[in-house]
Participant: 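Just passing along the structure, written as structure tokens.
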Amino acid sequence: MTPTSTAAPATAPAAATDTHCPYCSLQCGMRLATGVTGGSGGVEVLERPDFPVNRGALCGKGRSAPALLARDVRLTGPLLRDRPGGPLRSAGWPEALDRVADGLARVRAEHGPDAVGVFGGGGLTNEKAYLLGKFARVVLGTANIDYNGRFCMSSAAAAHRRAFGLDRGLPFPLEDIPHTGCLILVGANPAETMPPAVRYFRELRENGGRLIVVDPRRTRTAELADLHLQPRPGGDLALALGLLHLVIADGLVDEEFVAERTTGFEQARAAAMAHWPDRVERITGVAAHRLREAARMFGEAETGMVLTARGPEQHSKGTDAVGAWIDLCLATGNSGRPYSGYGCLTGQGNGQGGREHGQKADQLPGYRSIEDPAARAHVAAVWGVDPATIPGPGRSAYELLDGLGRPDGVRALLLAGSNPAVSAPNAGHVTERLRSLDLLVVADLVLSETARLADVVLPVTQWAEEDGTTTNLEGRVILRRRALDPPEGVRSELWVLRELAARLGVPAGFPADGFPVEAERAFDELRRASAGGDADYAGISYARIAAEDGVFWPCPSADHPGTRRLFLDRFATPDGRARFAAVTHRPAGEEPDAAYPLYLTTGRVLSQYQSGAQTRRVAELNAAAPGPYVELHPRLAERLGIADGEPVAVTSRRGRAVAPARVTDAIRPDTVFMPFHWAGAGRANSLTNPALDPVSRMPEFKLCAVRVEPVLKEVTT
């Protein structure tokens with residue numbers, strides 16, 4: 001798909017504010033003009049062609065983002081529930097904050113600090129993510145904090161750190177993509193999920209490079225490819241090992257690179273040799289001759305890249321699957337060199353920065369391990385606390401949600417920027433766990449499905465109403481600028497955390513100046529806390545970000561240029577060498593059987609985003625993608641007696657969803673697809689399997705066993 005852009009002139013009026021889109025990890029640059037006639041609520045999106053990531057292009061979500069600023073679609077004051085099951089009512093901020101503080105203090109006193117939990121989001125700014133982690137550990141004293149980014153790219157992060165010693169989504173800027181010789185895109189559909197990025201893949205083809213797409217569906221992205229490999233869901237690990245087998249067998253290994261810059265190749269080679277083409281064809285459904293074509297195309301190219309997204313990552317074997325694709329890069333010498341390497345297409349707007357500074361259960365700011373004594377001492381010094389008071393690692397996202405309301409789990413939860421009632425796997429079960437809490441507090445800009453379950457709802461500012469940084473998929477730290485005032489009853493999460501901390505006996509340590517200065521003060525503290533860590537932001541300032549169109553981390557000092565390209569001299573491991581992963585294919589957490597004979601896979605569509613809490617409130621986007629559907633192959637539809645557009649029921653061991661059929665030969669006959677943006681009867685995550693990757697703790701969103709049946713129409717007489 002060709003990215004769309006605004007019809008507004010490229011030259012912005014003097015009153016326009018340079019900022020960034022609130023949606024995906026591209027964090028596209030845009031300008032906002034306020035007080036204009038004809039804009040959404042007096043706000044108009046203008047092009048910002050000088051920002052290098054999107055060069056002015058915006059998708060429909062970005063162009064329509066000001067619609068979320070309208071008062072009639074967002075929260076404008078706190079809401080309270082006076083009794084369980086009772087209605088939410090309007091309240092003032094003092095009453096709401098007192099209720100939250102009293103409830104958190106009561107649960108902590110009765111059940112201990114780990115009975116209080118925090119759940120964050122990959123859309124929060126770095127400043128919010130940082131202070132949310134600090135609040136959990138310093139004010140609440142709980143180990144139980146995690147975030148929805150665990151559902152995004154945690155498997156890629158784990159594999160990245162295992163292989164290279166450092167995790168940054170892309171170790172190179174997007175501008176390098178058009179200059180590689182061959183690129184394998186695995187389980188990614190940027191033509192629908194991040195349309196402005198498509199230009200990089202088109203430019204790659206125009207420059208003579210080859211594009212291979214691996215996806216069970218013939219997506220808009222797959223239609224751009226020189227070669228489309230269409231494996232069964234769960235086949236990515238075997239497919240990568242099969243390609244590595246062929247690269248080795250055909251003599252395409254870069255022996256010099258392997259000897260000088262890697263370790264563990266012999267073990268990885270032995271594992272790959274057990275995945276010969278015929279075996280991989282039986283596992284994946286991809287013909288052996290197409291495997292050979294892909295291996296030659298990649299192995300013979302002078303330079304190459306592999307980019308993964310949720311397709312291979314959201315599995316109970318996701319870390320190993322990504323590790324196998326990294327092994328393919330290492331064996332061919334396509335890593336740590338210009339125009340080469342492995343990278344991950346991060347999903348959420350701040351999926352990268354959100355996991356670097358303390359939202360994850362096992363990490364402290366700067367991407368430090370919470371179990372490292374030196375890391376604990378450094379962060380404790382910045383926070384002014386005893387290192388011994390910082391809790392250890394807590395439960396990962398699904399484990400935290402699964403334990404809500406149980407005697408040994410979290411009894412009171414503060415949730416910000418996430419909607420797990422729609423987005424979590426086995427969402428019906430998660431919804432029941434949310435209902436079982438003694439106290440649920442949700443901070444959001446809209447009344448999401450999760451907020452509707454809350455005891456207290458706190459309305460918070462959004463992208464155009466606040467200053468703050470995010471970190472895009474390249475590791476580029478960028479600056480969102482405040483373009484207009486929020487409604488009277490809306491506050492920043494930074495203000496909320498400060499007020500709650502004071503009520504809970506911690507009057508210092510959170511920004512005390514008035515909005516919006518508090519964001520820059522929080523960032524300055526984050527810089528100190530991250531200094532010396534893997535994700536070192538010490539040399540990055542608001543002024544520098546604005547002057548340089550973003551700064552790439554690590555950037556340890558003000559005179560450091562930032563790191564656009566990682567690993568060119570050495571990898572971030574103790575010996576400077578990349579590590580091969582000796583992995584082998586294994587079944588998914590759940591495979592089809594007689595009772596549930598089909599694969600279900602899930603994903604996104606062009607005009608909706610994540611759980612849909614925001615995009616489902618935008619008329620333009622709803623018109624383009626009004627509701628859920630079930631995509632199935634014509635042969636399967638004929639066998640089941642299902643016609644296009646008729647309602648079908650999809651049932652797994654966990655739940656049932658009903659949505660119209662969409663019959664298409666773009667999907668495998670043994671697989672059905674559902675987008676996951678909707679609540680209600682069509683909620684795809686009612687079906688998904690929470691089986692967890694043993695390393696990343698990523699749930700298996702991308703595969704579960706289901707049966708599909710037509711929904712019988714009621715006959716009235």
Side-chain angles (χ1 to χ4, degrees), residues 17-21 25-29 48 50-53 122-134 149 166-175 346 348-360 363-368 375 378-379 381-383 463 466-482 494 511 513 516-568 572:
T17 302
D18 283 356
T19 190
H20 295 269
C21 176
S25 64
L26 289 179
Q27 288 295 278
C28 291
R48 186 179 164 190
D50 55 337
F51 187 69
V53 173
L124 300 178
T125 63
N126 290 319
E127 293 82 358
K128 294 177 182 180
Y130 168 74
L131 285 181
L132 203 62
K134 181 180 180 181
L166 182 70
D167 161 46
R168 197 178 83 184
L170 295 183
F172 42 74
L174 285 162
E175 66 195 44
T346 313
Q348 296 187 78
N350 198 29
Q352 181 68 52
R355 69 181 182 277
E356 295 169 359
H357 299 300
Q359 269 193 116
K360 283 185 71 178
Q363 288 178 191
L364 290 172
Y367 225 141
R368 289 180 162 92
H378 173 86
V379 174
V382 174
W383 288 350
W463 60 291
E466 59 190 11
D467 288 326
T469 62
T470 62
T471 306
N472 82 344
L473 76 171
E474 308 166 294
R476 185 194 303 259
V477 184
I478 58 96
L479 181 60
R480 291 180 183 171
R481 281 296 195 187
R482 185 185 192 194
L494 303 184
D513 287 349
V517 179
E518 59 193 13
E520 188 165 4
R521 291 193 62 211
F523 187 74
D524 287 342
E525 183 177 306
L526 179 159
R527 293 166 61 194
R528 297 195 302 275
S530 74
D534 286 346
D536 192 333
Y537 284 32
I540 306 174
S541 65
Y542 274 27
R544 186 173 174 188
I545 296 169
E548 299 178 21
D549 279 331
V551 181
F552 290 81
W553 70 261
C555 183
S557 63
D559 59 356
H560 190 281
T563 311
R564 296 174 68 83
R565 296 174 181 86
L566 295 169
F567 313 137
L568 295 182

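Model, not experiment: these values are computed from the prediction. Position 1 is the first residue of the sequence; numbering continues from there.
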Participant: Looking at CG of L479 and CG of D18, how far apart are the two atoms once the value is rounded to the nearest 0.5 Å?
Facilitator: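 Reported value, rounded in 0.5 Å steps: 9.5 Å.
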Participant: Which pairs, with at least one residue in residues 348-357 and sequence neighbours excluded, count as a salt bridge (Lys or Arg N to Asp or Glu O under 4.0 Å)?
Facilitator: D167-R355
Participant: Checking C555 now: which residues fulfil side-chain contact (heavy atoms from CB on, under 4.5 Å) with it, not counting sequence neighbours?
Facilitator: I540, R544, V551, H560
Participant: How long is the span from the SG atom in C21 to the CG atom in N472, to the nearest 0.5 Å?
Facilitator: 12.0 Å
Participant: Below 30° counts as parallel, above 60° as perpendicular, anything between as tilted: where do the rings of Y542 and F523 land?
Facilitator: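 Tilted: the ring planes of Y542 and F523 meet at 30° to 60°.
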Participant: Please list, chain by chain and in numerical order, all residues satisfying salt bridge (charged side-chain N to carboxylate O under 4.0 Å, His left out) with E474, sequence neighbours excluded.
Facilitator: R476
Participant: Side chains of D467 and E520: does their closest heavy-atom pair fall under 4.5 Å?
Facilitator: no
Participant: Main chain of T19, side chain of R48: is a donor-acceptor contact present, judged purely on distance under 3.5 Å?
Facilitator: yes
Participant: Please enumerate all residues that pass side-chain hydrogen bond (donor to acceptor under 3.5 Å, both in side chains) together with Q27, with sequence neighbours excluded.
Facilitator: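 Expected list: T470, R480.
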Participant: How would you list, by chain and number, every residue that makes a ring pair (Phe, Tyr, Trp, His ring centres under 6.0 Å) with F567, sequence neighbours excluded?
Facilitator: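 F567 satisfies ring pair (Phe, Tyr, Trp, His ring centres under 6.0 Å) with F164, F571 once adjacent residues are dropped.
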Participant: List for me each residue that meets salt bridge (charged side-chain N to carboxylate O under 4.0 Å, His left out) alongside K360, sequence neighbours excluded, and say none if there are none.
Facilitator: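 Once residues adjacent in sequence are excluded, K360 has no partner under the salt bridge (charged side-chain N to carboxylate O under 4.0 Å, His left out) criterion.
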Participant: Going through the checks in order, is the side chain to side chain contact (heavy atoms under 4.5 Å, CB included) test met by E466 and K128?
Facilitator: CA-CA 11 Å; E466 59 190 11; K128 294 177 182 180; 2.9 Å; yes
Participant: Using side-chain heavy atoms (C-beta onward) and a distance below 4.5 Å, is E525 in contact with V382?
Facilitator: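 E525 reaches V382 side chain to side chain.
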Participant: Sequence neighbours excluded, which residues qualify as side-chain contact (heavy atoms from CB on, under 4.5 Å) partners of D536?
Facilitator: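 Once residues adjacent in sequence are excluded, the partners of D536 under the side-chain contact (heavy atoms from CB on, under 4.5 Å) criterion are S530, A531, A538, P554, P556.
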Participant: Look at R521 together with D524 and state whether they make a salt bridge at an N to O cut-off of under 4.0 Å.
Facilitator: no
Participant: Can you say whether the rings of H357 and Y537 are parallel (under 30°), tilted (30 to 60°) or perpendicular (over 60°)?
Facilitator: perpendicular
Participant: Quick one: closest heavy-atom pair of L131 and A522, and the distance?
Facilitator: CD1-CB, 3.9 Å
Participant: Considering residues at least two apart in sequence or located in another chain, which fulfil the side-chain hydrogen bond (donor to acceptor under 3.5 Å, both in side chains) criterion with R168?
Facilitator: none
Participant: Is the side chain of T125 donor-acceptor paired with the backbone N or O of G468 at a distance under 3.5 Å, no angle test?
Facilitator: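 Answer holds: no.
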Participant: Considering residues at least two apart in sequence or located in another chain, which fulfil the side-chain hydrogen bond (donor to acceptor under 3.5 Å, both in side chains) criterion with Q348?
Facilitator: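 Partners of Q348 under the side-chain hydrogen bond (donor to acceptor under 3.5 Å, both in side chains) test: N148.
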Participant: Out of L526, L124, L494, which residue meets the side-chain contact (heavy atoms from CB on, under 4.5 Å) rule with Y130?
Facilitator: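 The side-chain contact (heavy atoms from CB on, under 4.5 Å) with Y130 is passed solely by L526 among L526, L124, L494.
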Participant: Using side-chain hydrogen bond (donor to acceptor under 3.5 Å, both in side chains) as the criterion, list what pairs up with N126, not counting sequence neighbours.
Facilitator: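 Result, side-chain hydrogen bond (donor to acceptor under 3.5 Å, both in side chains) vs N126: N350, T469, T471.
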Participant: Which atom names give the shortest non-hydrogen contact between L166 and W553, and what distance separates them?
Facilitator: CD1-CZ3, 3.9 Å
Participant: Who pairs with R565 by side-chain contact (heavy atoms from CB on, under 4.5 Å), at least two apart in sequence or on another chain?
Facilitator: F172, P173, E175, D176, L568
Participant: Does a side-chain heavy-atom distance below 4.5 Å link L26 with L473?
Facilitator: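 Heavy-atom side-chain distance check passes, below 4.5 Å.
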